[in-house]
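Below is one structure; the comments refer to it alone.
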Amino acid sequence: MKLIVCKDYDEVSQEAAKIFEEQIERKPDSVLCLATGSTPLGLYRELSRANQAGGVDFSEVKTVNLDEYVGLEPTHPQSYRYFMNENFFNHINIKKENTHVPNGLGWAPNECAAYDDLIEKLGGIDLALLGSGLNGHIGFNEPADTLCARTHVTDLTESTIEANSRFFEKKGDVPTKAVTMGMGNILCAKKIVILITGEEKRPIVQAMIDKQFSVTTQIPATLLKLHPDVTLICDRAAFQKG
Ligand code: F6R
């Protein structure tokens with residue numbers, strides 16, 4: 001795993017933007033896997049600025065998002081489709097039909113399989129952007145004894161509902177289920193970039209970089225140790241030398 005420690009959040013966003021810009025320059029029709037949450041917002045701003053300045057062209061890029069809440073309309077302000085449009089897609093020259101977010105409405109197992117098929121039909125993921133939850137979840141692959149490898153519907157843990165309640169009026173409004181790519185989908189990406197910032201996620205960074213620490217489904221982020229091309233970009237607050 002390649003580790004980049006930055007002085008602050010802005011530098012994390014800039015370092016990540018360089019990797020995405022290089023990827024798109026090298027392969028203009030790249031398939032990008034994207035995440036929501038607070039962490040990638042700076043990266044999306046950097047890439048939007050670069051696109052508007054004519055620096056990076058998204059006209060042939062295709063995207064697949066990691067996850068979506070079950071039960072929220074795409075027009076719901078807390079849905080991940082809405083988040084992606086508002087924070088990224090509306091600001092760049094990507095074709096909306098080339099952007100994909102799992103359908104959280106009326107989700108059935110065959111639709112999960114359809115999302116897997118879609119990723120395959122696009123030719124697989126060239127570059128995946130990830131964040132990590134406080135408990136080490138990736139997408140909505142929450143800590144558990146076993147994990148589903150492919151796209152599936154999952155229950156959110158209490159800690160994730162608590163963490164995500166900051167985006168909703170009240171905790172009771174946070175959906176309790178989500179549809180998410182599985183770790184198998186994610187580990188099939190050719191290249192992975194994970195952004196982790198803030199002191200409270202230090203234990204996750206430690207678990208990821210500690211060579212002695214095992215791989216465990218109880219901290220899904222540690223499964224990234226199994227992938228040959230992962231770059232972890234974190235700020236100083238999230239990094240602490242052991
Ligand atoms: C969202 C996702 C989640 C987030 C994680 C961290 O699409 O995949 O796993 O990356 O919950 O969220 P933030 O960045 O808000 O701390």
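Ligands are counted one by one from 1 in listed order, and the atoms in each one are counted from 1 as well.
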Test item: side-chain donor near acceptor, Lys96 and Asn90, under 3.5 Å: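 The criterion, which ignores hydrogens and geometry beyond distance, is satisfied for Asn90 and Lys96.
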Exercise: do Glu142 and Thr160 side chains pair donor with acceptor under 3.5 Å: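 A pair is found: one side chain offers a donor N or O, the other an acceptor, under 3.5 Å apart.
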Answer yes when Lys95 and Glu60 have at least one side-chain N-carboxylate O distance shorter than 4.0 Å, and no when they do not.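 Yes, charged N to carboxylate O under 4.0 Å.
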NZ/NE/NH1/NH2 to OD/OE distance under 4.0 Å, Glu21 and Lys18: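 So Glu21 does not pair with Lys18 through a salt bridge.
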If the criterion is any heavy atom closer than 4.0 Å to an atom of ligand 1, which residues make the list?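 Answer by chain and number: Ala35, Thr36, Gly37, Ser38, Thr39, Leu66, Asp67, Gly131, Ser132, Gly133, His137, Gly139, Arg166, Lys201.
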With Phe88, the ring-ring contact (aromatic ring centres under 6.0 Å, His included) member among Phe20, Phe83, Phe58: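 The single option meeting the ring-ring contact (aromatic ring centres under 6.0 Å, His included) with Phe88 is Phe58.
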Taking atom CD of Glu169 as the centre, report whether more than 12 heavy atoms of other residues, nucleotides or ligands fall under 6.0 Å from it.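 Open: at most 12 neighbouring heavy atoms sit under 6.0 Å from CD of Glu169.
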